[in-house]
Every structure is written in structure tokens, then in C-alpha cells.
Number of protein chains: 2
Amino acid sequence: MTYDDFMDQPKRRDKAATRAKLLDAARLRFARHGFDGTGVRDIAADVGVDPALVFRYFGSKEQLHEEALRVEIPTGLTDDPARPLTHITDTLLHDVVFADWEQFAGEHPLLVMLRSAGRPTIRDQMRQQLCEGYLPDFAERLGGDNPALRAELVGALLIGMGVMRTILNTPALHNASYEETRTLVTRLITALSD
Amino acid sequence: MTYDDFMDQPKRRDKAATRAKLLDAARLRFARHGFDGTGVRDIAADVGVDPALVFRYFGSKEQLHEEALRVEIPTGLTDDPARPLTHITDTLLHDVVFADWEQFAGEHPLLVMLRSAGRPTIRDQMRQQLCEGYLPDFAERLGGDNPALRAELVGALLIGMGVMRTILNTPALHNASYEETRTLVTRLITALSD
DNA sequence: CATTCTTGTCATCGGTCGATGACTTAGGGG
DNA sequence: CCCCTAAGTCATCGACCGATGACAAGAATG
């Protein structure tokens, strides 16, 4: 037992800290088992605290879920209008499909939400993040007729890859390196942006 | 009230018929609200029958779900080895993404399963149908190095389009015609199969 | 009409769920 | 040292869940 563990032993009371711990535990549980598969008692038990605190701090299980899965749209990705689309999709491929989001059990928050897509509120939240956060930047750089549709195809490819790699665990995508996948995806994107 | 309705009135007892009705109702409920969001009481109420019959006929809610969402892999799609991949993806684009599966609330069974992807058994069932039913035929026709990975990219595109169109309801894919989507998808597939 | 098998119903069990409100205890300021 | 506020606990509620087994009623058979 380390010194810090020993200092934590006498259960210091700290609202902000326990709130944060609850959020962390909720992220993991929701990510692994979805909304319906997770109980407030489970989350509270992970933190070692009474389930009633969940409702005191977050109001309801739904609000806890919303706050736990809220994710800031990464800025700085698209602020340079001259940055080519393939660079952006490279980054997204890395962050959405290949990155290890340890706070979300290894998956990107968007994919985590998909696991709870039975709830209409979660579906709406997810569509909003997609349509307002990512797709406009795709469309802006794609050109051609119906750039919105082409942008959604790009989004569909990334979402689908994420689903297959981290939810369904299909073998090829699971074993493929980021590099060899990137070259194929780049080829697809350029084919879409004539 | 028609003559047939009148004949149905005295609740004729017919095991096969009520079993089938339960399966239909289960399909709709599971498709709309997912596994956890559906109760056996709901399904039985749709049919106008006692919930206990679900367990008598199917054993458990899980087995009912499995049987309700079981879907035969369409044969005749890939039995001609000379049939080009783009023809196959055209068909799949039509059947998986654009077709209206009225028995499944308008969605393809694979997408319906995704809504209940919190359950490990359902995930496994879905991966198996994908990896054994569709992807090998893709890989066989794609060529290049790592055809399995390319095949999974094709699958990812279709799955992602289905998710965005019928689960998230993104506007462009929802409003796009099958034809204009098909030309874009064809371009993507050919770019992948050099 | 009586018997018998099948189809459907009823009551209920044990458990889990989200949520509430009253209670206890820790800890810092007077 | 006491006291008051805030952090955490406890008991419990009402609803719903999947599942079981005993029972009633319809249909087939003689």
C-alpha cells in the first residue's frame, strides 16, 4: 500500500472528487455495457459510495449518462481552410477508429453512444455531434455535386469501420495496422472528391 | 367488421398461428426499442395473448430474440463467380441500406441487431453473419494485397451508411435517391479493387 | 356425452431497477 | 470545543422484469 493509498484510507469527503470518480466509472460502465446494461448501483459500487449520491449529484441516470459521454468537438482540426481533406480523415481515422480511448474502455465516444442507440435522446445527441461537428467540414472540402451526401459517405465509412473494429471485432480490421488501413482509406476519399 | 374478422372473433386456438404472431410482434418491438427496451409483456399484449406463452413457445426472451432476428443469408447473390463485385454491392446497397424491411420496422436485420449490440450474444451473432455470409464473397472478388481488409472496408461502408440512414437519420442520406447514391458507392468500390 | 390432449390464462415468485427523503457523520469556522 | 453546513448513508418505495407451475377452457376423439 502506497503512501497516497494510506492517505486516502480515512475516506476524506470531497464532493468534486467523488463526482469526478462517478463520471469516470460511469464512462467505463456505459461504454462496456450500454445504458440499459448499466445500473446506478454498479457505478456507485465502483467508486465505493452510496448509489443515492448519483441522484444527488446528477439528478437522474439519464443526466449522468449525458454528462459522462459529452465530448468536446476537437478544435484546431479544421480551422485551416487550406488543409486537405485527406489529412483530416487521416486524423479522424486515427482518433475514431484506431485510438485507444482509455476513459471509454478503448472506444471513441461516438461508438460508445451507438451501443446505447436504443434511447432516442442518445441517438439525437449522436446525430447532432456528427452533423454539426464533422460533416460540414467534409462537405466544404469535397466539391462536386451534392457534397453533403459525399460527406455523409465519408462519415459512414469511418463510423462503419469503428463499428466493425471495436464493436463487432471483425478480424481483418482488428489486426490491420493503422498505416495500411490509412492508404486504403485515402484512396477511397480521393475517389470521392473529384 | 368483415366476415373474416367475425370468424376470428371467437379466438380460434392455433399454436402455429400465435407463434408466428408472437414472432412478428417481437421483430417490430426489438427493431424499434432494442432488446432491453422490449418486455415480453409488451410483445404478448400486441398479439393479445398471455405473456406466459412466450416462455412456453420460445423458452426465454433471449431465444425469442434470436429466432425473431434470424435471417437467411440470401443465396443466388454470389453463386456466379463471374458476377462483378459492383453488382453485388449494388444489390446490397439496395437491400441493406435502402430497402424497407417492413417486418423489421423498416430496417435491415443487421442494423436492428446493432441497436441491441450491448448484448454479447447478439454481437457475436451479427459478426458471424457478416464474416461468414458476406465478407468472403467481397474478398474473393477484390484482389490486391490484403483482400480481407478491403472486404471489411466495403462492409464498413455499407454498415455505416445503414447506421446513418436508418438509425441516426442523417439528412443527406435520408433524402438521397438510390440512384445517385449508387453511382458514388460504385466509384468507391472500384477505387478499392485495383 | 365423456375422456383426453392441447392451448391459453392466472396468480405469483424473487429479483432488480430508478428514485426519494430522512438520517448520520465528518470537518471547518466561530 | 461546539455547532452548523455539507457529504455520505440507510431504509424503503413502487414499478417492472423474466420466469414458473398450477389451473381453466377449447378442440379433437371415441
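As the structure is a prediction and not an experimental result, all values here were calculated from the model. Numbered from 1 within each chain, the chains take letters A, B, ... in sequence-line order.
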Are side-chain heavy atoms of A:Leu135 and A:Glu152 found at a separation under 4.5 Å?
yes
For the pair made of NE2 in A:His65 and P in C:dG18, what is the distance, rounded to whole Å?
12 Å
Verdict with reasoning, B:Arg165 to B:Thr181, per side chain to side chain donor-acceptor pair (under 3.5 Å)
CA-CA 12 Å; B:Arg165 198 183 115 96; B:Thr181 312; over 6 Å; no
Looking at B:His174, I'd like to know if its NE2 atom is crowded, meaning that more than 12 non-hydrogen atoms belonging to other residues, nucleotides or ligands lie closer than 6.0 Å.
no
Nearest-Å distance for atom pair NZ/C1', residues B:Lys21 and C:dT7:
13 Å
Can you label the angle between the B:Trp101 ring and the B:His108 ring as parallel, tilted or perpendicular, going by 30° and 60°?
perpendicular
Base of D:dA6, side chain of A:Arg13 - is there a donor-acceptor contact under 3.5 Å?
no
Does a nitrogen or oxygen in the side chain of A:Thr18 sit under 4.0 Å from OP1 or OP2 of D:dG8?
yes
Base, sugar-phosphate or nothing for A:Tyr57? Non-hydrogen atoms, less than 4.0 Å.
sugar-phosphate
Round to a whole Å and report the spacing from CZ of B:Arg56 to P of D:dC23.
14 Å
Looking only at the side chain of B:Leu53 (C-beta and beyond, no hydrogens), which of the listed nucleotides C:dG18, C:dT9, D:dG8 gets closest?
C:dT9
Where the side chain of B:Lys15 is defined as all heavy atoms beyond and including C-beta, which of C:dT20, D:dC17, C:dT7 is the nearest nucleotide?
C:dT7
Heavy-atom side-chain proximity of B:Phe35 to B:Lys61 below 4.5 angstrom:
yes
Interatomic distance, B:Asp14 CG vs C:dT7 P [rounded to whole Å]
9 Å
Select one nucleotide: of D:dA27, D:dT9, D:dA19, the one nearest the side-chain heavy atoms of B:Lys61.
D:dA19
Measure from the side-chain heavy atoms of B:Ala52 and tell me the nearest of C:dC10, C:dT7, D:dT9.
C:dC10
Whole-Å distance between D:dA11 P and A:Phe55 CZ?
18 Å
Measure CG/B:Leu22 against P/D:dG18 and give the value in whole Å, please.
14 Å
Whole-Å distance between C:dG18 P and B:Asp36 CG?
11 Å
Taking CD1 from A:Ile43 and C1' from C:dA19, how many angstroms apart are they, rounded to a whole number?
14 Å
Distance criterion of 3.5 Å, no angle test: do you see the side chain of B:Arg12 paired donor-to-acceptor with the base of D:dG26?
no
